[in-house]
Novice: 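Have a look at this one.
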Amino acid sequence: MSLFWFVVGQLNPVERMSTSKKVITRAEWEKKLNDVKIRKEDMNKLVMNFLVTEGYVEAAEKFRMESGTEHIDLATITDRMAVKMAVQCGNVEDAIEKVNDLNPEDEPWEMLLLEDMEFWILDTNPQLFFHLQQQRLIELIRNGKVEEALEFAQEELAPRGEENPNFLEELERTIALLAFEDVSNCPVGELLGISQRLKTASEVNAAILTSQSHEKDPKLPSLLKMLIWAQNQLDEKAIYPHINDLSTAMLEDPAT
């Protein structure tokens, strides 16, 4: 990510130039990039952060052995990915059970530290629990279990909707699915799409990461977005080689 730090460093000096754009040759650009020093340990931590957050267990273990980065608890990643996969497959009840298994319920209360309370994921996150229950309702509707869906909505979701207007609105949108035989004409038909499952799975994943004192989002995508932003800012002031394809990170000469 040396390009990002270099581009950011160029923003202020470039702002003091005249309105004409400064032309930076490939040789000059590459020399300045090479002058930016980033520790290998920091790069390794960045990669490991991405692998752990996204749940690439085998890749994380291999990278740990090759790079010598700090030890990681593979079991926590595996458990988290099992919860995420269960939601993505529509097995919400199974996912809830797996989340509850992550709670330190077997530990004597007096042995739990104050910070361990954050592990009570669903008990301390009513919005997450509602969205999981909402996903259960969606799966019942998907499977054509109309009576069971109505009963579940009335017993499990309606009381929460009475306490929270936002929950009530989401519940009403979900129940609206039952009014349409052809969901392709339903204004809330996207709730039955895979994107809704992925959204709920991502929310669960983020909550578990937070409970385990990990960052809920990987740093690498954010840095890449910042790189694109920095290049766009510098484009207004200078002409220089770009990274247009983030997958290769190859420098490309600007169009003339």
Side-chain angles (χ1 to χ4, degrees), residues 1-74 76-78 80-81 84 88 194-195 198-199 201-210 212-256:
M1 298 304 295
S2 57
L3 177 59
F4 165 70
W5 300 115
F6 171 66
V7 172
V8 171
Q10 294 298 302
L11 290 178
N12 289 336
V14 171
E15 287 178 355
R16 294 194 292 267
M17 297 189 309
S18 62
T19 55
S20 61
K21 292 185 178 182
K22 179 180 179 180
V23 178
I24 305 175
T25 65
R26 174 181 286 269
E28 292 174 319
W29 194 251
E30 289 180 342
K31 181 181 183 303
K32 291 184 177 183
L33 285 177
N34 292 330
D35 289 339
V36 178
K37 304 301 180 183
I38 297 179
R39 296 192 315 157
K40 185 177 181 180
E41 293 81 358
D42 293 333
M43 291 298 295
N44 288 342
K45 289 180 180 179
L46 182 64
V47 174
M48 182 61 77
N49 168 263
F50 177 81
L51 295 176
V52 170
T53 304
E54 293 299 306
Y56 296 106
V57 182
E58 294 183 4
E61 176 60 10
K62 290 180 179 178
F63 186 74
R64 183 193 67 79
M65 296 176 63
E66 294 175 1
S67 63
T69 53
E70 61 185 30
H71 177 72
I72 56 175
D73 188 349
L74 295 180
T76 61
I77 304 177
T78 303
R80 175 164 51 85
M81 288 300 100
K84 186 175 180 180
Q88 290 176 348
I194 186 63
S195 60
L198 295 177
K199 178 182 177 181
S202 295
E203 185 177 356
V204 176
N205 186 59
I208 296 174
L209 282 167
T210 300
Q212 296 172 344
S213 300
H214 292 303
E215 295 175 276
K216 64 180 182 179
D217 297 309
K219 296 178 180 178
L220 185 57
S222 297
L223 281 174
L224 292 176
K225 291 178 182 179
M226 292 172 68
L227 170 61
I228 295 173
W229 173 86
Q231 285 191 154
N232 290 337
Q233 295 296 309
L234 194 55
D235 283 343
E236 299 178 3
K237 304 295 182 179
I239 299 174
Y240 61 96
H242 283 65
I243 287 182
N244 294 322
D245 187 348
L246 295 178
S247 65
T248 64
M250 296 294 294
L251 287 175
E252 299 181 19
D253 293 323
T256 57

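Just so it is clear, the structure is predicted and the values come from calculations on it, not from any experiment. These values consider heavy atoms only, across backbone and side chains, with no hydrogens, waters or symmetry-generated copies.
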Novice: Quick one: pull up NZ in Lys84 and CD1 in Ile77 and give me the separation to the nearest 0.5 Å.
Specialist: 12.0 Å
Novice: Between the main-chain N or O of Lys22 and the side-chain N or O of Tyr240, is there a donor-acceptor pair closer than 3.5 Å?
Specialist: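 Looks like no, no N/O pair under 3.5 Å.
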Novice: State, to 0.1 Å, how close Asn44 and Phe63 come at their nearest heavy-atom pair, and which atoms those are.
Specialist: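 Answer, listing the atom of Asn44 first, then Phe63: O-CE2, 3.4 Å.
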Novice: Would you compute the distance between atom CG of Leu223 and atom NZ of Lys225 and round it to the nearest 0.5 angstrom?
Specialist: 11.0 Å
Novice: Apply side-chain hydrogen bond (donor to acceptor under 3.5 Å, both in side chains) to Glu30 and list each qualifying residue two or more places apart in sequence or on a separate chain.
Specialist: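 If we apply the side-chain hydrogen bond (donor to acceptor under 3.5 Å, both in side chains) test to Glu30, skipping adjacent residues, the hits are Arg26.
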Novice: For Met48 and Ala60, which heavy atoms make the closest approach, and how far apart are they?
Specialist: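 That closest heavy-atom pairing would be CE-O, 3.4 Å.
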Novice: Going by atom type alone, with no hydrogens or angles, which donor-acceptor pairs under 3.5 Å involve a side-chain atom of residues 51-58 and a protein atom two or more places apart or on another chain?
Specialist:
unit_1 : atom_1 : unit_2 : atom_2 : d
Thr53  : OG1    : Asn49  : O      : 2.7

Novice: Where do Pro218 and Phe50 come nearest, in terms of heavy atoms and distance?
Specialist: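 Shortest heavy-atom separation between Pro218 and Phe50 comes out as CB-CD1, 3.8 Å.
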Novice: Quick one: CH2 on Trp229 to CG on Leu234, what's the gap to the nearest 0.5 Å?
Specialist: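 The CG atom of Leu234 is 10.0 Å from CH2 of Trp229, to the nearest 0.5 Å.
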Novice: So, using side-chain hydrogen bond (donor to acceptor under 3.5 Å, both in side chains) as the criterion, who are the partners of Asn205 when residues are at least two apart?
Specialist: Arg80
Novice: His242 and side chain to side chain contact (heavy atoms under 4.5 Å, CB included): which partner among Asp235, Leu251, Asp253?
Specialist: Asp235
Novice: Please name the pair of heavy atoms, one in Leu209 and one in Lys216, separated by the smallest distance, quoted to 0.1 Å.
Specialist: CD1-O, 3.6 Å
Novice: Should Glu28 and Lys31 count as an ion pair when the cut-off is N to O under 4.0 Å?
Specialist: no
Novice: Can you tell me how far the CG atom of Leu33 sits from the CD1 atom of Ile243, to the nearest 0.5 Å?
Specialist: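 Separation between the atoms: 7.5 Å.
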Novice: Are Leu227 and Leu246 close enough, and set up right, to give a side-chain contact (heavy atoms from CB on, under 4.5 Å), and what steps lead you there?
Specialist: CA-CA 10 Å; Leu227 170 61; Leu246 295 178; 4.0 Å; yes
